[in-house]
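Everything below concerns the one structure shown next.
Chain letters run A, B, ... following the sequence lines, proteins first, then strands; residues in each count from 1. Keep in mind that the numbers below use all heavy atoms, side chains included, and drop hydrogens, waters and symmetry copies. Keep in mind that what you see is a predicted model, and the values were worked out from it rather than measured.
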Amino acid sequence: MSLIRKLQPERSSEQDEPSRFEETILPHLDAAYNLARWLTRNDQDAEDMVQEACLRAFKSFDGFYGVQAKAWLLTIVRNTCYTWLGKNRTHDLSTSFDEDLHQAESQAPDPQMLLLRFEDHQALQQALEELPAEFREVLILRELEGLSYKEIADVTGIPPGTVMSRLARARGRLKLSLAARMNKER
Amino acid sequence: MLIDGYVDGELDPIRNREIEQHFQTCPACSTVFDSHRVLRTALRTGSLYRTAPLALRNRVRSSFKPTPTRKSLMGLPQWRWVAVAASLAFVSVLTWRVALFLPAETADHLLIEEVTASHVRSLMVSHLVDIPSSDRHVVKPWFTGKLDFAPSVADLTEQGFPLVGGRLDYVNGRAVAGLVYKRREHVINVFLWPSAATVETRPIAHQGYHLVCWTQSGMTHWAISDLNSRELQEFVHLLQNPPSH
């Protein structure tokens, strides 16, 4: 490698491109996979999405100047996933608007009861997986990735002013879904 | 909805104060707030985070590495980009399909990648050690029952390589012992596991890290650090010939 650099100094900047890409992308690979896994709800599909997204990212890397690599990569991962979902799992993207559920969102279940439910890791995971994608993704980005509202808006393309209400509805739905499970079990 | 903004720390200080005052007089809203907090804790501690499998990490990484032969054949710079883009698609598929049948040299390279990835991860995800201790009589027994072998742990504090602790890790398709030492501010990870192979002590440089691999008493050892090569080899020499206390 070093020998090649010495022999071909004029190419050194290009030689560095893959490693600059690696340094930018690899630290965020977990975040990329986490988002893809929660959007596709399948291990293998998530891996495919991340690889596809990395390829897309690499192709458009010239236009990237090093700010907020995480949000940049997550945007590409999300777009890749949505394109794929649109082709393969159309029903995942059609959000059925449940008016009763929407009404009930304002009535928060008792936190003490929820606490018990939340400790049931499997129930929480299932409830999260069953949320419509648009709600699932904001919760993942906010709670698991710790993104700010501004970053969530950048990644999802939701208007910045809508992120807060989207999160509010996502949380409401998740709580209700857990509460409903709890009632069913009784 | 403003409660969400409050929980997420996205409101301005004046709004924050208004909300806090409102909670004092409105049980319904403070109930929502409590359940939000509980939900957040549950989401963050419920092991819901899906980390990228190592195989995927390796696949993505190897996708951006042109192979040496291709590089030397490259006549025109732009060919390289075509090759990189094209290889991306199939190298990734090939890697997992033929990984088992690759020649030893490539398998070795995969191990180097894996050790490097483990090292980088240990530094990235604030999970350097499972058992933080500078006392080898604490670290060594900690592995009992967690591994099917007893890793040797050295006390090299006097030589300037203090022990930081131990960690369970997963390398080369098995659970391994991860021992963490330090030299000044440089972290040194030592991975070890039982193996029948005999390898001569061999220093390697990879992605800006220095690695040394050796076998000793039926164990394969890998030491990796961003420390300079000379001091890392001095460290390895000390591990191989521990000073008597």
Practice task
Please examine the side chains of B:H186 and B:E231, heavy atoms only from C-beta on, and report whether any two atoms are closer than 4.5 Å.
Solution key: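 B:E231 does not reach B:H186 side chain to side chain.
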
*Qualifying ring pair (Phe, Tyr, Trp, His ring centres under 6.0 Å) pairs with a residue from residues 24-54 of chain A, counting only residues at least two apart or across chains*: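 The answer is none; no pair qualifies.
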
Listed by number, the residues in residues 10-23 of chain B that come under 4.5 Å of chain A (heavy atom to heavy atom) are B:E10, B:L11

Residue pairs, two or more places apart or on separate chains, that pass side-chain hydrogen bond (donor to acceptor under 3.5 Å, both in side chains) and touch residues 149-159 of chain A |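 Residue pairs with at least one partner in residues 149-159 of chain A: A:S148-A:E151, A:Y149-B:D8, A:K150-A:D154.
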
inquiry  = Pair A:I25, A:W72 - check side-chain contact (heavy atoms from CB on, under 4.5 Å), show working.
reply    = CA-CA 10 Å; A:I25 290 307; A:W72 178 70; 3.8 Å; yes

Using non-hydrogen atoms and a 4.5 Å limit, figure out which bit of [X] sits close to chain B: side chain, backbone, both or neither.
X	answer
A:L35	neither
A:A31	both
A:R37	side chain

Checking B:K146 against B:W142: charged group under 6.0 Å from the ring centre and within 45 degrees of the axis?
yes

- Task: Give a yes/no verdict on a cation-pi contact between A:R78 and A:Y82, requiring under 6.0 Å between NZ or CZ and the six-membered ring centre and an angle within 45° of the axis.
- Result: yes

Residue set satisfying side chain to side chain donor-acceptor pair (under 3.5 Å) with B:H119, at least two apart, ordered chain then number -> B:N189

With chain B, which of A:G146, A:P27, A:S165 has the greatest number of heavy-atom pairs at distances under 4.5 Å?
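Option with the top pair count is A:S165.
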
Under a 3.5 Å distance rule, please check whether B:E114 uses its side chain to pair with a backbone N or O of B:N172 as donor and acceptor.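 Confirmed, B:E114 side chain pairs with B:N172 backbone.
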
